[in-house]
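A short worksheet on the structure shown next.
Numbering of ligands and ligand atoms starts at 1, following listing order.
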Amino acid sequence: MKYPYPKFIAHRGGGNAAPENTLAAFELGVEKGYTMFECDVKLSADETLFLLHDDTLDRTTSGQGSAKLDWQRLSQLDAGSWFSANFQGEPVARLDDIVHFVLKKGCFLNVEIKPNPGQDYKTGMACAKFLQQFEQEGKPSPFLLSSFSEEALQGAYDAHTATPRALLLDEWRDSAWETVSALECVGFVLNYQIASQELVAQCHMIDRFVMVYTANEPRDIKRLFNNGVDGVITDNMNFAQSYEGLMLQKSQIKIGL
Ligand code: G3P
Ligand code: MG
């Protein structure tokens with residue numbers, strides 16, 4: 001079983017330390033020592049790929065209502081002020097800008113396909129096709145595509161590109177074995193609460209890695225690695241720098257508590 005990614009992945013760019021899914025979050029994640037990042041990606045009404053978690057703009061931007069707008073309108077929104085005045089004016093990020101930033105820093109990117117309602121297949125295909133232009137023949141991919149939506153993963157699969165795919169699961173379902181096989185996924189991204197030693201071993205047995213989300217407590221991290229998980233998506237921005245200490249069971253005070 002090959003797992004080519006770092007052990008820790010910063011959730012939404014900068015975890016709980018910056019406005020999610022913005023370039024500022026990724027900058028902070030890099031500063032904190034992270035070398036892989038997760039982000040949520042959607043298609044705008046005019047088919048620009050951009051970063052946003054929710055179906056609506058209200059929680060994380062200065063806009064309101066549906067996120068199915070043209071990029072021109074999305075690009076005018078403030079995606080930083082909701083988090084803190086320090087990030088006022090931080091724009092909604094385009095996937096293009098994030099990919100360039102991540103590659104410039106020599107890091108990895110997990111693009112979670114998070115489609116606007118009814119756009120699963122199209123968004124999956126658009127993400128895969130977009131990333132393909134940065135893939136280099138004979139070199140490992142710097143990306144991972146993942147989704148809760150099988151339809152989105154089908155879209156990515158049908159794009160016939162080089163970027164690996166993983167199935168996201170909040171709850172376990174036995175049909176997942178068939179899904180990862182049919183969609184040729186290289187791994188699972190599981191809710192950390194379901195990643196038991198037994199399930200992780202079963203995934204490894206069929207040659208699939210196990211990444212988990214979103215674990216933030218040192219005691220959970222230890223348990224998860226003991227259970228055999230390969231990577232942990234986290235909001236805790238201290239793990240990248242304290243991992244060694246964590247695994248050597250040094251004082252927990254140093255582990256970002
Ligand atoms: O991709 C892992 C994780 O981000 C999935 O959940 O809701 O935080 O996007 P969510
Ligand atoms: Mg996500």
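- Ring geometry for Y3 against F209 counts as perpendicular: the plane angle is over 60°, on a 0 to 90° scale with 30° as the lower cut.
- At a threshold of 4.0 Å, the pair D97-R94 counts as salt-bridged, since one of the basic side-chain nitrogens sits closer than that to a carboxylate oxygen.
- The aromatic rings of W172 and F188 sit tilted relative to each other, their planes meeting at an angle between 30° and 60°.
- For ligand 1, the polar-atom distance check against R12 finds a nitrogen or oxygen pair separated by under 3.5 Å.
- Within ligand 1, counting atoms from 1 as listed, the ones closer than 4.0 Å to a heavy atom of H53 are 7 (O), 8 (O), 9 (O), 10 (P).
- With the Mg ion (ligand 2) as the vertex, OD1 (D40) and OE2 (E38) define an angle of 110°, rounded to 10°.
- Taking distance alone, with nitrogen or oxygen atoms compared against 3.5 Å, D40 approaches ligand 1 more closely than that limit.
- The contact set between ligand 1 and E38, taken as ligand atoms under 4.0 Å from a residue heavy atom, comprises 1 (O), 2 (C), 3 (C), 4 (O).
- Using a 4.0 Å cut-off between charged nitrogen and carboxylate oxygen, E217 and R223 do not count as a salt-bridge pair.
- Checked by distance only, ligand 1 and E112 come closer than 3.5 Å through their nitrogen or oxygen atoms.
- Considering backbone and side-chain atoms alike, T214 places every N or O at 3.5 Å or more from each N or O of ligand 1.
- Ring geometry, Y34 versus F8: the interplanar angle exceeds 60°, so the pair is classed perpendicular (tilted spans 30 to 60°).
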